Every structure is written in C-alpha cells, then in structure tokens.
Number of protein chains: 2
Amino acid sequence: MSNFNYVYSLSEENYIKAIYHLSNHGQESVNTNAIAIEMNTTPASVSDMIRKLSKKKVVDYQKYRGVHISEKGKEIALKIIRKHRLWEVFLVEKLNFHWDEVHDIAEQLEHIKSPLLISKLDEFLGFPKHDPHGDPIPDENGVFSTVKKEPLCNIEAGQSCKVITVNDSSSAFLKYLDKVGISIGTTLRIDDHNEFDGSVDITINQNKSTTVSPAAAQNILVTPL
Amino acid sequence: MSNFNYVYSLSEENYIKAIYHLSNHGQESVNTNAIAIEMNTTPASVSDMIRKLSKKKVVDYQKYRGVHISEKGKEIALKIIRKHRLWEVFLVEKLNFHWDEVHDIAEQLEHIKSPLLISKLDEFLGFPKHDPHGDPIPDENGVFSTVKKEPLCNIEAGQSCKVITVNDSSSAFLKYLDKVGISIGTTLRIDDHNEFDGSVDITINQNKSTTVSPAAAQNILVTPL
DNA sequence: AAAAATTTTTAGACAAAACTAAAAATGAGA
DNA sequence: TCTCATTTTTAGTTTTGTCTAAAAATTTTT
Ligand SMILES: [Mn+2]
Ligand SMILES: [Mn+2]
Ligand SMILES: [Mn+2]
Ligand SMILES: [Mn+2]
C-alpha cells in the first residue's frame with residue numbers, strides 16, 4: 001500500500017469532512033453546489049477539488065453526477081472528526097471554555113498530525129464517548145455509538161424525552177439554549193404543538209414551562225424516554 | 001493601526017521565528033544563507049520572503065546587507081515561542097510525553113490562532129516559567145527571565161554548576177542525556193578538561209563520574225554554583 | 001588592485017488553491 | 001420533444017510559496 005501514510009492538505013481535509021458531513025455518514029451522494037455552500041467557496045473551486053480527490057480515490061465521481069465518499073474517504077473524515085471532538089472536550093473540561101466557544105478553535109486543532117498525541121489526549125480525557133454538544137466521538141477505528149435521535153418537533157404531545165445533541169453548534173444557538181435552560185441530558189416534556197406557527201410548548205426538567213420556536217425545535221435532537 | 005490584527009501565514013511565522021532565533025533575540029543581523037539552512041530551503045526562496053517581510057515592516061532589510069528583525073517582528077516571534085513552549089509543557093506534564101518527543105508536535109501547535117486558548121492553557125499549566133528543555137517561557141508581553149548560562153565546556157575544572165537548559169532539542173541528544181543521567185536541574189562538578197580531544201570529565205549529582213564529548217559539552221548549558 | 005570564491009538577488013517556471021466568466025450538460029415544464 | 005432555468009464544468013487568471021539557473025554584488029585571496 002504505497003500511500004498508506006499520505007498526508008492530506010488542510011484544504012483536502014476540510015473538503016473531505018464537508019463531503020462526509022453532507023452525505024450523512026456516506027450514505028447519500030453530494031452535489032457540487034451543496035459543497036460550495038458548505039465550504040463557503042465557488043462551484044468552480046469545488047469541481048477542481050473533486051477531480052483531485054477522485055484521482056486519490058477519496059471519493060467516487062462521475063462528471064455531472066455528484067460525488068460519493070469512498071471507504072478510504074470515510075476513514076479520513078472520521079479521524080478528523082475524532083480529533084475535532086476530543087479537542088472540544090479538552091477545551092471545555094480542562095480549560096473551562098464554554099460550549100459555544102470551542103468550535104472554531106477545534107476547527108484548527110483537528111488538523112494537527114500526530115496519532116500518538118490523539119491517543120494520549122483520549123486517555124487524558126478519560127476516553128470520552130461524546131463531545132460537549134452531545135456528538136459521539138469515533139474510536140481509533142472510526143466506530144462510534146449511534147443513539148436513535150430525532151428533532152424535538154417530531155415528538156408527540158404528552159411524551160417526555162432527553163436532549164441528546166444539537167444540530168447547530170453556532171454560538172448564537174448555544175447561548176439561546178443556555179438562556180432557556182436546556183443542555184445535553186436535560187429532560188423535556190412536550191406539552192403542545194402550536195399548529196399555526198410550528199412552535200412547541202415544553203416543560204424543562206419537570207419544572208419550568210416555556211415555548212420554543214420551530215427553528216429551535218428542529219435543532220434540538222432528543223430520544224424519547 | 002490598520003493591520004494590528006493581521007494574521008501571518010504559516011510560512012511567514014516560521015521565517016519570523018527562524019530569523020529571531022538566528023539573530024540571538026534580535027541583537028545581530030542575519031544573512032540569507034543562514035536562514036536558508038535553518039529553514040531547509042534555498043537562498044532564492046529566502047530572498048523572496050525577506051522582501052515580503054520587509055514590506056510588512058517585520059524586518060529591516062537592505063539588499064546584500066542581511067536582515068535585522070524589527071520590534072514588531074520580535075513581538076510576533078515571542079508570541080510563537082510562548083505558544084511553542086507552553087504546548088511543550090502541556091505535552092510533557094499532562095499527556096506524559098517524554099521530553100525528546102514534543103518538539104515536532106509543538107512545531108504544529110505553535111501556529112494555532114487563539115489568544116484566549118493560550119491564556120487559558122497557561123493558567124491550566126500553573127503559569128510555568130520554563131519549558132521541558134529548560135527554555136524560558138515569555139509572558140503575554142514577551143517578557144522572560146534570562147538566567148546567565150554558558151556551555152559546560154567553558155566551566156573551569158573544580159567548579160560545580162547546575163544544568164539550566166540544552167542547546168539542542170533533538171531526540172538523539174536528549175536520549176543521550178537520559179542515558180548518561182543528566183536532566184534540567186542536575187548538579188555537575190567539572191573534574192577535568194582533556195586537552196587532546198576537548199572531552200570533559202564530570203561528576204553527576206555528587207556520585208557518578210563520567211566523560212562527555214566536546215559536542216555534548218557545547219550543548220549542555222549551565223550556571224556556576 | 002585584480003582574480004577568485006562566495007553570497008545574494010533576479011528571472012523564469014511550477015504547483016496548489018482560489019476566483020470570474022463563459023461554455024456545456026442536465027432536468028423540468030410546457 | 002423543445003425550451004429554459006439550473007447545475008456543473010472548463011478556461012483563463014491570481015496569489016502564495018517554492019524551485020533552478022543565471023546574473024550581480026560582495027568578500028577573500030593572491
Ligand atoms: Mn477544518
Ligand atoms: Mn462538537
Ligand atoms: Mn512552525
Ligand atoms: Mn523546548
């Protein structure tokens with residue numbers, strides 16, 4: 001295996017991560033424009049990079065037919081995601097960052113190349129299974145736990161559920177959750193769905209009743225209790 | 001001040017660090033070839049980069065006359081060195097790396113951009129003043145302690161001294177020091193200088209007598225007791 | 001002070017990754 | 001099936017950082 005240890009550029013790594021992300025763990029194929037939007041670049045640049053990644057067998061690609069991430073591509077993506085999430089845990093647990101401050105720093109740290117560093121960091125953190133936003137951390141073989149989860153808006157009235165993760169790690173959304181009093185692990189009871197605007201009435205931790213917007217209800221992922 | 005927050009590229013940062021290093025903390029001017037050797041590149045590339053850094057007022061430069069790092073350049077260099085050394089402390093103290101394994105990883109981590117990350121890391125580590133190789137860690141204003149230190153080979157016979165730092169952080173040299181039983185803080189007594197090959201007879205921590213080569217005696221920096 | 005050796009700069013290319021503008025392919029609607 | 005809007009690719013540049021080869025300046029030697 002000649003390029004077992006090939007090192008991908010910063011740019012390549014970011015594209016691979018974006019494609020993996022947009023494909024839902026590699027199930028679906030991804031089109032050029034979607035990648036361009038995700039990466040904040042132009043479709044022309046995406047076309048160029050796709051040809052390059054295809055030559056390196058990181059994606060399967062036929063002109064005009066979109067890309068599908070390969071097994072090799074999945075492995076690379078999962079390694080980057082593992083690093084990203086471990087660093088996020090470090091920043092929150094050890095350096096006392098707030099969960100809405102860590103994403104951009106982890107975006108840089110995820111590209112540090114040293115397998116030994118990551119295995120030592122993993123051990124130092126006590127082999128965490130989830131990052132501060134509730135996302136699962138793949139192990140060194142890319143295996144991670146998948147808990148069934150769905151958006152809050154899909155849960156029927158009367159049902160109780162637990163917050164597993166969030167669909168949006170933006171500072172604005174996380175700060176909003178803080179204000180409302182929702183975090184990973186919080187128990188919510190769905191009281192009512194308001195037909196007219198899609199907002200949802202909920203009770204937080206058996207005591208505080210409130211209403212969340214449809215946008216929030218879409219981004220809070222829960223598992224029924 | 002327009003470019004107060006200008007972000008230097010990875011390449012620019014590495015050149016700035018190399019120039020600072022070769023100039024002994026900004027005292028001396030540095031010639032093109034020396035930079036090329038330090039950076040493992042060609043004099044032509046160095047010429048190009050010097051012109052660029054000079055335009056950005058990071059160095060003072062006149063054709064054929066070598067470069068002198070500016071105050072601005074010094075500040076940038078010291079920030080990178082601060083990050084490098086703090087990360088080295090983290091790797092050794094928290095992740096249990098050995099002192100000969102950390103340099104290359106710190107070489108990557110030193111380029112992570114986040115002032116808040118560094119101040120939190122500094123606090124997490126207990127505001128260390130020295131890195132694992134004995135080098136001083138500049139504070140956020142670039143101030144660092146300078147202990148008088150000289151190579152072991154300069155100490156006269158009969159004198160005792162303490163190991164302050166090492167001039168060479170290569171794995172080969174550090175592993176050699178481990179084998180001989182010398183580390184930062186070790187007390188050495190100089191027993192004799194062997195005229196014919198420059199080797200030095202020493203006694204380590206008042207008990208073990210041995211002889212070190214002239215190369216080693218050059219790279220072990222000590223302060224007389 | 002001239003010649004020789006060394007150092008440094010310039011000229012010209014190249015690769016990676018981006019962009020704009022234009023061309024080509026695709027797919028949906030009529 | 002034809003038209004037309006949308007998507008995707010190609011063509012041609014640009015920027016950054018590198019390289020080799022050649023020219024120019026400086027320093028050392030004689
Ligand atoms: Mn990234
Ligand atoms: Mn996360
Ligand atoms: Mn570096
Ligand atoms: Mn060090």
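Both backbone and side-chain heavy atoms feed into the values below; hydrogens, waters and symmetry mates do not. Lettering follows sequence order; numbering is per chain, from 1. All values reported here derive from a predicted model rather than from experimental measurement.
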B:Y64 side chain near C:dT6 phosphate (N/O to OP1/OP2, under 4.0 Å) = no
*Measure centre to centre between the rings of A:Y8 and A:H111, then say whether the value is under 6.0 Å.*
no
Residues at least two apart in sequence or cross-chain that pass ring-ring contact (aromatic ring centres under 6.0 Å, His included) with B:F90, listed by chain then number, are A:F90, B:W87
key: Any B:R65 side-chain N or O less than 4.0 Å from OP1/OP2 of D:dT27   = yes
Ignoring backbone atoms, establish whether B:Y8 has a side-chain N or O less than 4.0 Å from OP1 or OP2 of D:dT16. no
Taking only the side-chain nitrogens and oxygens of B:S11, find out if one of them lies under 4.0 Å from OP1 or OP2 of D:dT16.
no
**Prompt:** Which part of the nucleic acid does A:S47 contact within heavy-atom distance under 4.0 Å: base, sugar-phosphate only, or nothing?
**Reply:** base
Q) Are any of A:Y15's side-chain N or O atoms less than 4.0 Å away from OP1 or OP2 of C:dA16? A) no
Under 4.0 Å, counting only non-hydrogen atoms across every strand here, what does B:T42 touch: a base, just sugar-phosphate, or nothing? base
Of A:D131, A:D135, A:N219, the one forming a side-chain hydrogen bond (donor to acceptor under 3.5 Å, both in side chains) with A:T165 is A:D135
**OP:** State whether B:Y20 and B:K74 meet the cation-pi test: NZ (Lys) or CZ (Arg) under 6.0 Å from the six-membered ring centroid, and within 45° of the perpendicular axis.
**Re:** no
Closest heavy-atom pair, A:S213 versus A:Y176, reported as atoms and distance to 0.1 Å, is N-OH, 4.3 Å
Scoring nucleotides 1-6 of chain D by protein non-hydrogen atoms under 4.0 Å (B base, S sugar-phosphate only, - none) yields ------
Item to complete: Assign A:D48 to base, sugar-phosphate, or nothing according to its heavy-atom contacts below 4.0 angstrom with the strands shown.
Response: base
Would you say D:dT7 has OP1 or OP2 under 4.0 Å from some side-chain N or O of A:K63? no
> Is A:K94 positioned over the aromatic face of B:F124, cation under 6.0 angstrom from the ring centre and no more than 45 degrees off axis?
Replying inline: no
Checking C:dT20, C:dT10, D:dC19 against the side chain of A:A44 (C-beta onward), the nearest is C:dT20
Checklist entry - What nucleic acid atoms does B:S45 come within less than 4.0 Å of, heavy atoms only: base, sugar-phosphate, or nothing? => result base
Using a 6.0 Å cut-off, check whether atom CD of B:E71 has over 12 heavy atoms from anything other than its own residue.
no
